[in-house]
Structures are given as structure tokens and as C-alpha cells.
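Worksheet: one structure, shown below.
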Amino acid sequence: MRKLINRPEDFVDEMLQGIYAAHPDKVTYVNNDLRCYVRKHIKPGKVGLATGGGSGHLPLFLGYVGEGMLDGCSVGGVFQSPSAEQMLAVTKAIDGGSGVLYIYGNYTGDIMNFDLAAELAAVEGITVETVIGCDDVASAPKGREDKRRGVAGIFYLYKVAGAAAEAGADLAEVKRLALKARDNVRTMGVALSPCVIPEIGKPTFELADGEMEIGMGIHGEPGVQGKAKLATADEIVDQMLAAILADLPFTRGDEVSVLINGLGATPKEELYLLYRRVHQVLSAEGIAVSYPYLGEFATSMEMAGASISLLRLDDELKSLLAKPAHTPFFVQHQL
Amino acid sequence: MRKLINRPEDFVDEMLQGIYAAHPDKVTYVNNDLRCYVRKHIKPGKVGLATGGGSGHLPLFLGYVGEGMLDGCSVGGVFQSPSAEQMLAVTKAIDGGSGVLYIYGNYTGDIMNFDLAAELAAVEGITVETVIGCDDVASAPKGREDKRRGVAGIFYLYKVAGAAAEAGADLAEVKRLALKARDNVRTMGVALSPCVIPEIGKPTFELADGEMEIGMGIHGEPGVQGKAKLATADEIVDQMLAAILADLPFTRGDEVSVLINGLGATPKEELYLLYRRVHQVLSAEGIAVSYPYLGEFATSMEMAGASISLLRLDDELKSLLAKPAHTPFFVQHQL
Amino acid sequence: MAELQAAGLKAFFRKLAELMVARKDELTELDAAIGDGDLGLTMTKGFGAVSEALAGFGETDVGKILSKAGATLAAAAPSTMGTLLATGLLRAGQAVLGRAGLDLAGLAQMLEAFVEGISARGKAKPGDKTILDSLYPALEALRGACEQQLSLVDGVAAAYQAAVQGLAATKEMVSQHGKAACFGERTLGRQDPGATVGAYICEALLATVQDGEGLG
Amino acid sequence: MAELQAAGLKAFFRKLAELMVARKDELTELDAAIGDGDLGLTMTKGFGAVSEALAGFGETDVGKILSKAGATLAAAAPSTMGTLLATGLLRAGQAVLGRAGLDLAGLAQMLEAFVEGISARGKAKPGDKTILDSLYPALEALRGACEQQLSLVDGVAAAYQAAVQGLAATKEMVSQHGKAACFGERTLGRQDPGATVGAYICEALLATVQDGEGLG
Ligand SMILES: Nc1ncnc2c1ncn2[C@@H]1O[C@H](COP(=O)(O)OP(=O)(O)O)[C@@H](O)[C@H]1O
Ligand SMILES: Nc1ncnc2c1ncn2[C@@H]1O[C@H](COP(=O)(O)OP(=O)(O)O)[C@@H](O)[C@H]1O
Ligand SMILES: [Mg+2]
Ligand SMILES: [Mg+2]
Ligand SMILES: [Mg+2]
Ligand SMILES: [Mg+2]
């Protein structure tokens, strides 16, 4: 294990201690539980936005809590859901009286706990709505979008819903916009190496040097075609883009935002190399790119690999995407 | 090799093509050479700030070209200096009539080429001054600072000089401030894995799973004590901080900015775990932290590891550090 | 007829926690093959916490003990399996609230509520290759044992046998839920990790009634 | 007396480029041990570019050929070694500008300017474990050969011998400059990569004059 850690079982809590120490003016926790992570200043009257999920994906999930994005996040162990109890505590802390929207990824453990939390919140008189990210094209065929995993594309849901909530939209409107973002985003990933859960200490799957797996999920879930010999960057992009473009489908005349996401160990150099090809292919297809994002948005600790997400834009999504945001992990000026 | 690339020899130029495609409104190139990277809009009258160095360290070096930071960067092959010819082209393109300051890291190849470029620029009537980053405590003993490598701490030189130049300071003043930042920053790194130069295809040094090397440079240059068994995060921080604190020295009552830099493959989770301990130790020493920075600021492609930099602040440095900046790779609101 | 009382139920959770520790690597490997490999971790952690919480819980109402176990498990192991089992335990606790002991019919009633809780939360059906595929057969065997008026030990033994057979049958199934569903046909030939946990639960229950500790 | 003319000088750069390709891995390994491992890459790339640029360069002035080589190398291989050699070549070109051929004395004059250019840019001195430690001995041998009025081939052979000895002596030195300096005492026992390049230059020069191609 090549990790800068102390005791594996302290990994998540010590990471959180570091975050609270670094950003005391921006974030804090409630319920006397480090894992109930909330914005320092909750705006009364604003619709509350909560997310949550397993650790090991920074900046996902808690990294999007801050100005112009989310209000709270319950934090699970590595690759494990937080508990319904923690979700409920966050929900109560961030409710500004206008209800709370849950936005999280399509994983059974998370769904079960968020559903339980929503039932409990209702008992406390808090209206909760839910939008589940399910952007990973590789994880289920078209028509079964409800079975698809949520991966990096959830960033767009946070950004769009966050900007709308910050601007004063009500719960129904924020939900409508989050759903619109969800319906218009598609992602494909490729992994080049496994990652190691600290408490397990060895990779839970193997990917040898010179191998890749297109379509692999951010916990190492398998892709559509299994392992293959590592292809060139251009070939990989072509294959991933073909799947994405056909799925929505994206067509000539569309305008999109592109998100090139590193899974953890992949250098920025390589992300730009991927973007080069994405830009070439989209130009050839007559699809315009606005607001490209490149960097680490949803990782699997030290996994090597990347994902490509496309969000089809209209004026509404575009103007919400362009709004400024400011969290300890994500800063954007007005575009 | 686990890399998302096409032909290794095209790595740098294809990466640059991706960057220009992604940020056409912010950066461009001159001299018909992709590797002569400059800001799209040069302010007449502003002191020009140029850097340069080998590729493979993104966001170093070109990532700091943009509003509130630098104006141009000559881009070398992986771990190789750009040429004097390229540096000269960038110098001419960014000179707004008030002279140009070179800020780059202390590496022989770069020095020789920047010196040559400065001689050639003088012939063209452009005043050039030079400040060389040399923050790596591990690379030479105290008293021989001029022999020390420049690593992640150079970020502070860019930020401080960039803010001063943007505010209209003249060449002498910008140089004074860059020197002040240089004199007050110290860095120590630790590596947990090697990295692979694309055109070489295999690591140029070995670091086995479970090993570390404290003090290793960003090209794999050795540290002070050689390889050792991987220690806990807290032990590593304690050892690195001890060297940093003793060197300046930083003392009770000082105020510092801390930069925790990932070398490439190290997850943000681990960086925050390191920060947790840094914060504990500095608090115990009576040293106050303002403006912590955590993320990837100077990498070695997919190398695992991290560095810690401390900048001793005074009011002047602090206010320059707090100024906004906006490049394709680094965004900061006014702090 | 013999009854499982508070002490017996606590002994059951203690045995189950020990069993999880003993089988940790097996669960990790099963889940690594068609999931994310955390099941050994979550189950040892979750039932370790339950067993600890119950140690100092001076309650004689078996319903309250089950609820306590469920609430503890929900907080300590909020994974798919942890949350499903917690939901099941909370329902089971509701179903037998106020009782001081469970005879074979009581156990069947408890197991029924437990399985229904898991079904309701997870929306899976038998054959989907989940924990239900070991627990449903166990439930049916227990009901049959009640009709045949078997002893407590024999009844639970029959349930355990059925669970083990149900577990073996998961090798012929394709996963329809959770992370395993992404593996599709590749889950064929592999034993379901969650169903394995279901069989362990029956195994611990059998060991408890065989021991006789806390039986009144 | 025999002279190295334009064709000979071009043949020299061609041979040197081939030699770098043949020794690429050796240079890579030497530089990987006490540097960043790029020397094989930069030298093959740099002298490949020089050899290509000279192929279509119809110039008879040996000074201009050397300058052209220097400018090409500076652009193609801006590493420490590339820039040092480029500076040396530019100075050497200045020193013999306007000549159509170089006899032994001319070669010595050229090598002197070459070495001085490297010294001025790098600020190293003999004994610092750099390329100077093979080139200085070669220069001195060449001067001695002039005094003794040796033939062109014998003179260059003496220079090459001296370079090889100087190179061997770098094993006893501790690196004082560049990335190798960080390795400190650990550079003892290792041959300097840059000095190796210096010896290769002499080797290619010797092969050129032995061949006799382009000698007038
Ligand atoms: N919807 C469901 N209903 C019942 N059981 C399920 C469901 N989804 C998954 N499971 C069971 O959960 C097991 C995996 O549990 P666990 O490792 O906790 O999942 P995760 O790590 O994805 O949260 C599977 O082997 C399966 O038996
Ligand atoms: N200041 C100097 N003067 C002369 N030669 C030097 C100097 N610094 C380094 N060298 C030589 O350069 C060689 C390394 O060259 P190179 O691999 O191009 O360096 P880098 O990769 O650091 O740019 C060393 O072996 C040494 O001979
Ligand atoms: Mg899990
Ligand atoms: Mg180099
Ligand atoms: Mg699991
Ligand atoms: Mg080198």
C-alpha cells in the first residue's frame, strides 16, 4: 500500500479533521459527528441541498458543499454509505424552512439510507425531495437508465441545482432543474489501475500494467467489455465518445459542456490530451463545446484512469452553469 | 506504462493542443511554436512575468499563466528545459514596455537557457531580471540555498509577484517582492512511487510498495537519507516539518501560509490527512496558519507523494497572496 | 416447550459477531468478486457494535433487544447489507414487541417480519440472487417445522439446512441488484455474498439453540 | 598536411549522431543513476537534428557549419548538456569563421573555443565531474600533438586517448554541478554521463579522420 495515512481505520475521520482545520470559516459539522458535514452559514429561506456517499472520491461528495452549490453532506466510510441517522442530522441542520433536496448517486446502499432518512425527516416536518444521479452509460443499456451508476456527471446536477437554489428558486423548481441536468448528462470512464481501500490494504481487483477496462465504475465495478490491452488515448476517446453520443443521442447543432475527470492518479497532462481528441471529434460532429471542465471531480483514491461526461446545454442550464461557486474544493468565477 | 497517451514523442505537443482547445479565450502561443505559451491579452505598461521549464509537472509551469499571475511560459519536453530561442520568443511577446521578470526553478539546464535568452533579449532592448526559486530544504544544507532545487514553493513567488505586477508595480518592485517570497519559503517532499517519462517508458528509479524517500525532488532526485520503510503520515509530517521549521527558522509568533502539494497520484484525502498533522504541530509551536492551499501545484506526472511548503507572511506578502487570480489551472477569489 | 429468551438472543448476536470475524476473509473475497469487497469489513464492524451494545443492555423484552440491534447496526454498518439487516431487525422487533421469549412459532413470526423488512427496503424477490435466497427457504422450513411441531432445535436445524441449500442455489442465479448487477452474467457460478450472510445468521441461531444458553 | 573540410565536418556530425543512437541506452543508464535519465534521449534527438540540418546545408565555411550545428542543437536539445554543447559549438564556429579546412592546429583552436564556451556557460572547473573532465585532457593532448607536429590522425588519436583516461578518472570524483550534485558522495565510483559524451565526441572525430572522408 502506497498511502500517506496513519491507522487505516482512522482514515476518514482524520481526513475530516484536516478539512475542518483548513477551512474553519467555510464548513463545520453537526450532531457532534465529524461525518455530518455542513456549510458554516445556512441561508434562511433557501432550499437546502444535501448529498452523501462513501469516502474515497474527493472532491466528491463533500467538496461541493459551499457557496453556489450544496449545503450539507453525510460522509460514509471508504466506498460505504453514510447512515440514515447521519443523513437526517444533516437534513435538519441545513433546512432553511423551504425543504431539502437530496442529490446523490445511484447505489443501493445510499438509496436505502437516504430513503430511510427522508421518511424520518418527514416525521420531523421537513419536506424532502430526491434526485438520483445515474449518468454512467456503461452500467446499463439505454432504457434502463434507472439502473445506471452515478459518477462524475453528478457535478453538473450539483452545479445547476446549487446555482438555482442560491438564486432563490423553490424546492419544486430546484428539483426540476436537477432532473433536467440529470436527463441531459452522460458519462463513460476508463480505468488503468486498481485502487486500495485502506482498511483492506490490497486491491480488490487487478488491472495489470498495459491493461485497461473501459466502462469501469468508481468502485471498480466492471465495464461492458471487460479488460483489454491498453489502446492509444485517441482510440479510447473515440470508443467512449461513440457510446456517449449514441446514447442521449447528442446530435449536430447541440451545444455541450464537457467534463474530463481524472480518477486519481492520472496527470492533468493526460486529461488535456484526452480533451484534444474530444474537441476534434465533437467539432467534426458539429457539436459545440462551451465551458469545458478538466481536473479531478470524482475520484477513486489513487486509481489511474479518467472519465468523459457531456452535458447537453440549453440557455437555462448554460446560465446556471456559468454562475460563480466557491467551496473549499471548487472555485469558479462567473463564466 | 499506465498512461493515456498516443505516441510518446507527441505527448507534450498534444497536451498543449488540448489546452489551447479548452481555453482559447485565455491563452495562445507565439512564434508559430505551441511551446511558446502566452496570455491572450497582454496589458501594455505592465511588467511582464515569464517562467518556463520541463513538462510533466502540471499545473507547473504554464498553469500559472493568467490573470493575477504570469504572462508567459516556455514549455520544454518532459523534465527538459525549453530552449533559449523559445524563451526569447515568449519574452518579446509579453514585454509591455516595462521589462520582464523571469521566475523559474533552480535547475542547470533552465538557468543556462534563461541566461542565454536574457542576453539575447537585452540585444533587443528588453530589460530582463531574474529570480530563481530554490525552496527545497532537502537538496542542500542551510547556507547553500543557491544550490537548492526549486519545487512547489515557487507557486508563492508567482502569486506574490503576479499580484504586484497586476497592481502596477514596476520591475524593481516586482523583483523585490518575488525575492522576498523566495527568501521566506521552504519546502520538503516525500515520494512513495516513481514516475515514468513517456519516451523512456519505464521508471528511472525504483521505490517499492511500502517504501518512501523523504526529500526526493520532482524529477526523482534523491533525498537526504535515501529510501526508508514507509512511516505513518504523522511521523512523516513530523520529520519534514522539523527540517522546514529549523531551516528558516520559523518561530513562535510567526504567521505562515501552508501549501500541501500532491505529486500526482496522491489522493486529496491524504493531503488533508497531512494537513491535519501540520496544523497540530504548528499550533503547538505557536505558529499561526493563514490561507492554507491544498491540491496539486507541482507534480511529477503519476508519482505518489506530497510536499509541504511554508511561507512566512508579513502584511505585504499576505495582502498580495490574498488577491484574486484566474488562470485555466488556478482560480482564487479575493481571500 | 423451549423458548429463546433475552439472554439467548444476546448470545445469538455474540455468536453471530464471532462468526463474522471468523469468516471475514471469505466475505471479503466473495464481495470482491462481484461487488466492492467491503462485506467482511461491514459485517464484522456492524455485528461487533451490536454485540457490544447489547452486552450492557439490561432488557428482557426480546422485541426491544431486536430493535436495539437494528438501530445499532444501521449506524455502525450503513452499507446495503447493513441497512437491509437493520431494517429487518427493526421490523422483527416490532413484530415481537413485549414478549419475554420466543418458541418455534415465535421465531417463525420474527423471521417473517425480518424477511419482509428486507424485501420492502430492497424491493428484490427470490431468485434475484440476494440475501433473500437463503432467508426465504429458511423461513419456509421454519414454518413447515411449526406445522410438524418439531422441537426448537430440530426446527432451527431444518431452517439452517434450507438456508444452506438456498445459498448453494445462488450459484445458478444472475445478480439483479446492487453493485453485483453490473457484473451481469459474470455472476453465474458465484455464490452470493449477501445470501452467505443469511446462512451465517441461521448458523449462529442453530448454534445458540443447540447450546441451550438463555433457553427457558 | 591533411585538413578537415566541410564534407569531413559533416561526416563527423553524422558519425556522432550514429554513435549517440548506438550508445543511447548506456547514456540513459548513466544519467538515470546520478541524474534524471534523459541524456540518451536528448543526445540522440539533438545530434539527429544537427546531422539532418547539415545534410542540406551547402556551406563550405567550417565556421558556419559549426555555428549552424550549435544553433540547431540549442533548439533541439535544450538540456544542460545540449545547451553547453551548443554554446561550445557557437564559440567554436566564431573561432574558425571563414576557414575552408582545419589542420591539427586549427582543430586545437576550435576545441579550445569549444571548451571555453562550455566553461563560461557552466562555470565548472576540471575535477568537478563534468564534461570538462574528458574534454580538457583531450584539448591538452591535442596541443601537445601540435607541438610534436604529429599527423592529423595521430594527433586526434592522442586526444581521444586522453579523453578516455579523463573519463575513467571521473569515477573518483564527486559531482559538483547539475542534478548529479544532489547525489553527493553517492556519485563516487560512477562515470560521469556528460564526460562520457565528451569522449564520444573525440571518438567520432577520430573515426572521421581515420576514414579520411572529406579530408583535403
Ligand atoms: N435490493 C436488494 N435487496 C436485497 N439484497 C440485496 C439488494 N441489493 C444487494 N443485495 C445484497 O447485498 C449484498 C452486497 O452487500 P454489500 O456488500 O453491503 O453491498 P454494498 O457494498 O454495495 O453496499 C449482495 O450480495 C446481495 O445479496
Ligand atoms: N555546470 C556544468 N558545467 C559543465 N557540465 C555540467 C554542468 N552541470 C552538469 N554538467 C554535465 O551535464 C551532465 C548531465 O547533462 P544532462 O543530462 O543534459 O542534464 P539535465 O538533464 O540535468 O539537464 C552531467 O553529467 C555533467 O557532465
Ligand atoms: Mg460497499
Ligand atoms: Mg534533464
Ligand atoms: Mg459490498
Ligand atoms: Mg539528464
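Quantities reported herein were computed from a predicted structural model and do not represent experimental measurements. Worth knowing before you read on, the calculation uses all heavy atoms, side chains too, and leaves out hydrogens, waters and symmetry mates.
Neither the backbone nor the side chain of B/L16 comes within less than 4.5 Å of any heavy atom of chain A. When heavy atoms are compared at a cutoff of 4.5 Å, B/L274 approaches chain A solely by way of its side chain, counted from C-beta outward. For chain B, the nearby parts of A/I19 are the backbone and the side chain; heavy atoms of each come within less than 4.5 Å. Residue B/L230 touches chain A through its side chain alone, counting heavy-atom pairs closer than 4.5 Å.
Listed for the A/T51 side chain is no donor-acceptor partner under 3.5 Å among the backbone atoms of A/C73. The backbone N or O of A/M1 lies less than 3.5 Å from a partner atom in the side chain of B/D209, making a donor-acceptor pair. In this structure, the side chain of B/S193 does not engage the main chain of B/M303 through any donor-acceptor pair within 3.5 Å. Although no hydrogens or angles enter the test, the distance criterion places no donor-acceptor pair under 3.5 Å between the side chain of A/T187 and the main chain of A/A152. Judged by distance alone, the side chain of B/K3 and the main-chain N or O of B/P8 form no donor-acceptor pair under 3.5 Å.
With B/K227 as the fixed residue, the side-chain contact (heavy atoms from CB on, under 4.5 Å) test singles out one of B/E206, B/M212, B/M216: B/E206.
Scanning for side-chain contact (heavy atoms from CB on, under 4.5 Å) contacts around A/A265 gives A/A304, B/A265, with sequence neighbours left out.
Considering only heavy-atom pairs separated by less than 4.5 Å from chain A, the leading option among B/G295, B/P267, B/A233, B/C195 is B/A233. Taking A/T232, A/V331, A/N6, A/L192 one by one and counting their heavy-atom pairs under 4.5 Å with chain B, the maximum is reached by A/N6. Contact tally against chain B (heavy-atom pairs below 4.5 Å) for A/S300, A/A21, A/A231: the top residue is A/A21. The choice from B/G305, B/G56, B/S55 that makes the most heavy-atom pairs within less than 4.5 Å of chain A is B/G56. Of the listed residues (A/E211, A/E302, A/E269, A/M15), the one with the most heavy-atom contacts under 4.5 Å to chain B is A/E269. Of the residues considered (A/D10, A/V12, A/L207, A/I260), A/L207 shows the highest number of contacts with chain B, using heavy-atom pairs under 4.5 Å.
Applying the side chain to side chain donor-acceptor pair (under 3.5 Å) test to every pair with at least one member in residues 326-335 of chain A, sequence neighbours left out, gives these pairs: A/Y293-A/Q332, A/H326-B/H333, A/H333-B/H326.
Atom NZ of A/K202 is surrounded by 12 or fewer heavy atoms from other residues, nucleotides or ligands within 6.0 Å.
B/D234 contributes atom CG, which lies 9.5 Å from atom CD1 of B/I236 (distance to the nearest 0.5 angstrom).
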Residues A/Y275, B/H23; criterion ring-ring contact (aromatic ring centres under 6.0 Å, His included); working and verdict = CA-CA 11 Å; A/Y275 182 76; B/H23 311 290; 7.7 Å; no
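Contacts of residues 57-69 of chain B with chain A at a heavy-atom distance below 4.5 Å involve B/H57, B/L58, listed in sequence order. Contacts between residues 276-285 of chain B and chain A, defined by a heavy-atom separation under 4.5 Å, are made by B/R276, B/H279.
Counting heavy atoms from C-beta outward, A/Q17 and B/Y272 have side chains that stay 4.5 Å or more apart.
The aromatic rings of B/Y20 and B/Y37 sit tilted relative to each other, their planes meeting at an angle between 30° and 60°.
A salt bridge does not link B/E296 with A/K268: every distance from a Lys NZ or Arg NE/NH1/NH2 to an Asp or Glu carboxylate oxygen is 4.0 Å or more.
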